[in-house]
Amino acid sequence: MTSVSTPTVRPSTSRRPKGLLTAASIAVALAAADTYVVVLAITDMMSGVGLSIDELQKATPIISGFLLGYVAVLPLIGRLSDLISRQRILLLCLGIFVIGSCITALATDLPTLIGGRVVQGIGGGGLVPGTLALVADLWPRGKRGTPLGIVGAVQELGSVLGPLLGALILVIADWRMIFWVNAILGVVLALSIRAIGGPQPLADSTRRVPLWWGWLTGLVSLVAGVLFWLALAAPDVLAQSVQWWGAAFVPYGDHTARLFTPIGVWATIAIVLAIVLSARYWWPILRQVDLIGALLMAVFLGCIVLTFSTTNPEKQVVGPMGLWLLPVAVVAAVLFVLRQRTAAVPLITKGTVVGRVIPALIASLLVGASLVAVIVDVPLLARLTSDGGETEAAFVLVRFLFAVPVGALIGGYLLRRFGPAQIASVGLVVAGLGLISMSTWGFGSLESWVSWPVLILVGLGFGAAIAPVNDAALADATEEAHGVVSSLVVVCRMIGMVLGLALLTAIGLHRFYAEIESMAKPSVRQLAEAGVVQCQTVFLGAGVLALIAAGVCWFLGREKIAVPEDATPFL
């Protein structure tokens, strides 16, 4: 599909940029927390949809589904955020996130639960590039360091607080309350952004829609929402009634899913009708986007995520699913490149990925691959070398995790005095050398006082690179492409984490099995020693990737980004 016209950028306008940034940043933290909030609740969620503990493999999509939604549509949302105001895209994403949270909270079968998590991921993922682009709108070049550091810090802090939030809620309620809390917080944040950001203009073509059409669309949407809630919630007072309405909740045939019921069908019809009626509002905007290109990009990213996030690294780097997903990804990538060359206004417009955007994307990919090694293998090393269990292992990782947001704030502040290359490269050199040092750790290392400063320095190093990478990419991007560039930076980091986890773990396990094969009858101690070798290998590989990323970051610019003469900084 070709674009019908050159899109008009509608930048964010707010007299309270600090308040708007605060609300948007909290929303980013909420989405980041939801990535890991299910870690401690996964077994309860499995039980809630009829899975036993020995069916853990079936529950993998509960986590990977969120990641799939988070990554696959990011370029599309980034492009949309360049066509309409940032506040509107944030409100849209929060709305999607709330809907996904409600579906997840009401789910009683696995497909509905996974679907809710995918919808959550779509809404949560779009908040990050929207907020980064918001910073680019509200702060001029050369003055974005601190706000970008804040966004990076709250995103990392959300990842830390996610499991803690989940654990706290599980103490007083069941797992469904986690997602009801998400929905409530999402509504509060949406109202805050709406109030702070001020009135949001609609596209010119939507202003000609009659008022009665809007009332009809709203009424049908309300009916659809109520029917959908009734179908999923199935209140006992209605579902168990002997009256005629009780039959509306009886599943068809042998199905057990609540949506395969008469009321579920009514809800589906109402939702489709609401979408058709509302098309007069969103289609004039959406038709300006290269939808074919967005679809091809979503297929490519989705195949990559599913291939490596569902692989069992103990058995293979690429599982059976990847044997057909990877060829599909290659085909989608080739078609996307061809589409970029033929579309009148492609998804990623010509001149977007230029200058410092290129090293920023490469650095994000490498940082993601290196960062995930610490998150996964530090707790593993702790469990192998001590008797403290998962709780102690989590506390060991906290030393690193809390240092990352602190490093993000420091990196953003230092951009006032130094160029992005100097800050990011130094930070990643510190992180890389720290990881290489960790590749020598063994039994007793985590109990030593030396492990504290090393883990903290590695966290600070990774965190310090966040704002400079984003700042350099946004500095070289045109105003019409801030959303797209921000989404590509986030995509590269997330894909780096998926690929890094799969590849580094596979290399580490290769060393593990090599150690085991050299032993006649390995004892428990020898098995633990082989596991330590695996962790050491992963840390070494991650350290090398971090040092390569440091070299790439040297091309982000060694001079402090200049502030335009006519700029009026807010912060």
Find out whether Trp180 and Ser101 are in side-chain contact, i.e. whether some heavy atom of one side chain is under 4.5 Å from a heavy atom of the other.
no
Main-chain N/O of Ala550 paired with Ser425 side-chain donor or acceptor, under 3.5 Å
yes
Run the numbers on Val533 and Phe512 for side-chain contact (heavy atoms from CB on, under 4.5 Å), then give the verdict.
CA-CA 6 Å; Val533 172; Phe512 173 81; over 6 Å; no
Not counting sequence neighbours, list each pair that qualifies as a side-chain hydrogen bond (donor to acceptor under 3.5 Å, both in side chains) and has a residue in residues 533-553.
Arg511-Thr537
Starting from the C-alpha separation in whole Å, work towards a yes-or-no answer on side-chain contact (heavy atoms from CB on, under 4.5 Å) for Phe66 and Ile114.
CA-CA 8 Å; Phe66 182 88; Ile114 295 172; over 6 Å; no
Quick test of your reading of the model: are Asp34 and Arg117 salt-bridged, counting only N-O distances below 4.0 Å?
yes
Could you check Arg399 against Val378 for side-chain contact (heavy atoms from CB on, under 4.5 Å), going step by step and ending with a plain yes or no?
CA-CA 10 Å; Arg399 307 170 194 173; Val378 165; over 6 Å; no
Looking only at heavy atoms, what is the nearest atom pair of Leu474 and Leu148, with distance?
CD1-CD2, 4.1 Å
Evaluate the side chain to side chain donor-acceptor pair (under 3.5 Å) criterion for residues Arg86 and Thr131: first the C-alpha distance (whole Å), next the side-chain angles of each, then the deciding distance (0.1 Å), finally the verdict.
CA-CA 8 Å; Arg86 313 297 183 194; Thr131 303; over 6 Å; no
Checking Ser487 side chain against Val484 main chain: does a donor-acceptor pair fall under 3.5 Å?
yes
Locate the shortest heavy-atom distance separating Ile304 from Leu326; write the atom from each residue and the value.
CD1-CD2, 4.1 Å
Could you measure the distance from the CD1 atom of Ile456 to the CZ atom of Phe402? Nearest 0.5 Å is fine.
12.0 Å
In Å, rounded to the nearest 0.5 Å, how long is the span from SG of Cys492 to CD1 of Ile495?
8.0 Å
CG/Leu94 to CG/Leu127 distance, rounded to the nearest 0.5 angstrom?
5.0 Å
Note: Asp174 and Leu170 closest approach over all heavy atoms is C-CD2, 4.0 Å
Looking only at atom types and distance, does a side-chain atom of Thr505 sit under 3.5 Å from a main-chain N or O of Ala502, one as donor and one as acceptor?
no
Here the pair of heavy atoms bringing Gly19 nearest to Ile196 is O-CD1, 3.5 Å
Ignoring hydrogens and geometry, is there a side-chain-to-backbone donor-acceptor pair from Ser192 to Val188 under 3.5 Å?
yes
Could you check if a side-chain atom of Thr352 sits within less than 4.5 angstrom of a side-chain atom of Val485, using non-hydrogen atoms only?
yes
CZ of Phe308 to CG of Leu501: how many Å apart, nearest 0.5 Å?
11.0 Å
Of all pairs that satisfy salt bridge (charged side-chain N to carboxylate O under 4.0 Å, His left out), the ones with a partner from residues 491-507, not counting sequence neighbours:
Glu156-Arg493
Within residues 355-378 or reaching into it, pairs that qualify as salt bridge (charged side-chain N to carboxylate O under 4.0 Å, His left out) - sequence neighbours excluded
Arg356-Asp476
Side-chain contact, heavy-atom cut-off 4.5 Å: Val357 with Val489?
no
How many angstroms lie between atom CD1 of Ile358 and atom CG of Leu488, to the nearest 0.5 angstrom?
11.5 Å
Non-hydrogen atoms of Ala408 and Ala467 that approach each other most closely
O-CB, 4.4 Å
Please confirm whether the backbone N or O of Leu325 pairs with a side-chain atom of Thr307, one donor and one acceptor, at under 3.5 Å?
no
How about Phe97 and Leu30: do any of their side-chain heavy atoms sit closer than 4.5 Å?
yes
Can you say whether the rings of Trp175 and Phe179 are parallel (under 30°), tilted (30 to 60°) or perpendicular (over 60°)?
perpendicular
Backbone N or O of Phe443 within a donor-acceptor pair of the Thr385 side chain at under 3.5 Å?
no
Between Phe462 and Val430, does a side-chain contact (heavy atoms from CB on, under 4.5 Å) hold up when you go through it step by step?
CA-CA 8 Å; Phe462 277 122; Val430 170; over 6 Å; no
Determine whether Leu547 and Leu428 make a side-chain contact, defined as any pair of heavy atoms from C-beta on separated by less than 4.5 Å.
no
Ser439 side-chain N/O to Ile436 backbone N/O, donor-acceptor pair under 3.5 Å
yes
dist Leu504:CG -> Ser370:OG (nearest 0.5 Å) comes out at 8.0 Å
Is the backbone N or O of Asp471 less than 3.5 Å from a side-chain atom of Arg144, with the two atoms forming a donor-acceptor pair by type?
no
Where do Val469 and Ser364 come nearest, in terms of heavy atoms and distance?
CG1-OG, 3.5 Å
